[in-house]
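Below: the structure, in structure tokens.
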2 protein chains.
Amino acid sequence: MSHRAEHLDTIQRELTAFARRARAAAARLHPELSLVSYTLLAHLQDQRGCRATDLAAHYLLDKSTVSRQVAGLERLGLVERRADPDDQRVQVLHLTDRGTEVLDQVAASRRTAFENRLAEWDETDLARFAGYLLRYNASGAEQD
Amino acid sequence: MSHRAEHLDTIQRELTAFARRARAAAARLHPELSLVSYTLLAHLQDQRGCRATDLAAHYLLDKSTVSRQVAGLERLGLVERRADPDDQRVQVLHLTDRGTEVLDQVAASRRTAFENRLAEWDETDLARFAGYLLRYNASGAEQD
DNA sequence: CACTTCAGTTGTACTATACAACCAAATGGG
DNA sequence: CCCATTTGGTTGTATAGTACAACTGAAGTG
């Protein structure tokens, strides 16, 4: 096998291994906020509110899935729905204060976990690794 | 925020985004073999057979989960159980010919997907990216 | 030989997810 | 202006993956 093919295989294998473990690991670290909930909240914070449909489109989830996730987050008091004056069908989703608080806390603890894990890496390697991940994800967002 | 912290945030965000999408993407590509089944089969091929308990330990899965996954793979005719002459409790799992065939086929198609996605990358970047992923996964396998 | 450990299965429950059917609001062409 | 279509969202139903706990049977150990 060529070097190139070996690298491709390694990348495939290691990304797969990571994907397999990530959800469970996130759940162990934060039983109160699944990986999906976390990303939805983070997106709401980022966008300063958006519609359920936007979340579904962005994360390639079915609208029913988003509907139920949002319902759960609302039940937990982390998200609130506001009417859109221009379109009565639309609910604009926003983080509540509590939602912001929980999200910040979970984000901080995740950040700490990453910091520990990557403590030995020098800045050059971190920068390159971050760059590669961005590049990888930006290439076929539609595929995986 | 320091550069270092920014890189850490990017890595966190991009790995999270990847993890969120990977399962669904794998399922779309191969409805007949989920990401989990695929990794279990690959492990069996790699190890030339092993016990259910080994799979559970290696992938941090509950033994009941593995038991059901294996049952499914056996039902599909991809895996067979052999008695361990030295220990009547143990079932040594092996790929069947059909299992090898299906695994090779799926692996090839996954490889093609990765090749397409990474077609523009030069070999140096591939090698570095592969190295970083290995290093990342090798640091806290127990965490995530 | 009795107690404990180990491999694996089964019962039960929960989460994430999809697809399809549905409802209500908005929009656009006759 | 009205009805057909589109759009945003919910609900019913089904499936997969997972965990935990209770259990069975075999192996090891005092």
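Quick caveat: nothing in here was measured; it's all calculated off a predicted structure. First the proteins, then the strands, lettered A, B, ... as listed; each starts at 1.
In summary, contact between chain B and DNA chain D, defined as any nucleotide atom under 4.0 Å from a heavy atom of the protein, begins and ends at D:dG17 to D:dA27 in the 5' to 3' direction.
In this structure, A:Tyr59 and A:Val66 have side chains that are not in contact, with every pair of non-hydrogen atoms separated by 4.5 Å or more. Side-chain contact check for B:Thr16 versus A:Arg110: some heavy-atom pair is nearer than 4.5 Å. Proximity of B:Leu126 to A:Thr10: side-chain heavy atoms (C-beta onward) are nowhere separated by under 4.5 Å. Within the 4.5 Å cutoff, no side-chain heavy atoms of A:Ser67 are placed close to those of A:Lys63.
A donor and an acceptor atom, one from each side chain of B:Ser37 and B:Ser34, are located under 3.5 Å apart.
Around CG of A:Asp122, the count of heavy atoms belonging to other residues, nucleotides or ligands within 6.0 Å exceeds 12.
Taking the six-membered ring for Trp and the full ring otherwise, B:Trp121 and A:Tyr136 have centroids separated by 6.0 Å or more.
A distance-only check finds a donor-acceptor pair linking the side chain of B:Asn137 to the backbone of A:Glu14 [under 3.5 Å].
One can place CG of B:Leu93 at 11 Å from C1' of C:dA7, the figure rounded to the nearest angstrom. Taking atom CZ of A:Arg51 as the reference point, atom C1' of C:dA26 lies 13 Å away to the nearest angstrom. When the P atom of C:dT15 is taken as reference, atom CG of A:Leu40 falls 16 Å away, rounded to whole Å. Rounded to whole angstrom, the span from the CZ atom of B:Arg82 across to the C1' atom of C:dG8 amounts to 19 Å.
Listed pair B:Thr53 / C:dG8 meets the phosphate criterion, a side-chain N or O lying under 4.0 Å from OP1 or OP2.
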Next on the checklist: I'd like to compare against my own output: the B/S/- annotation of nucleotides 16-24 of chain C with a strict under-4.0 Å heavy-atom distance to protein.
Outcome noted: SSBBB----

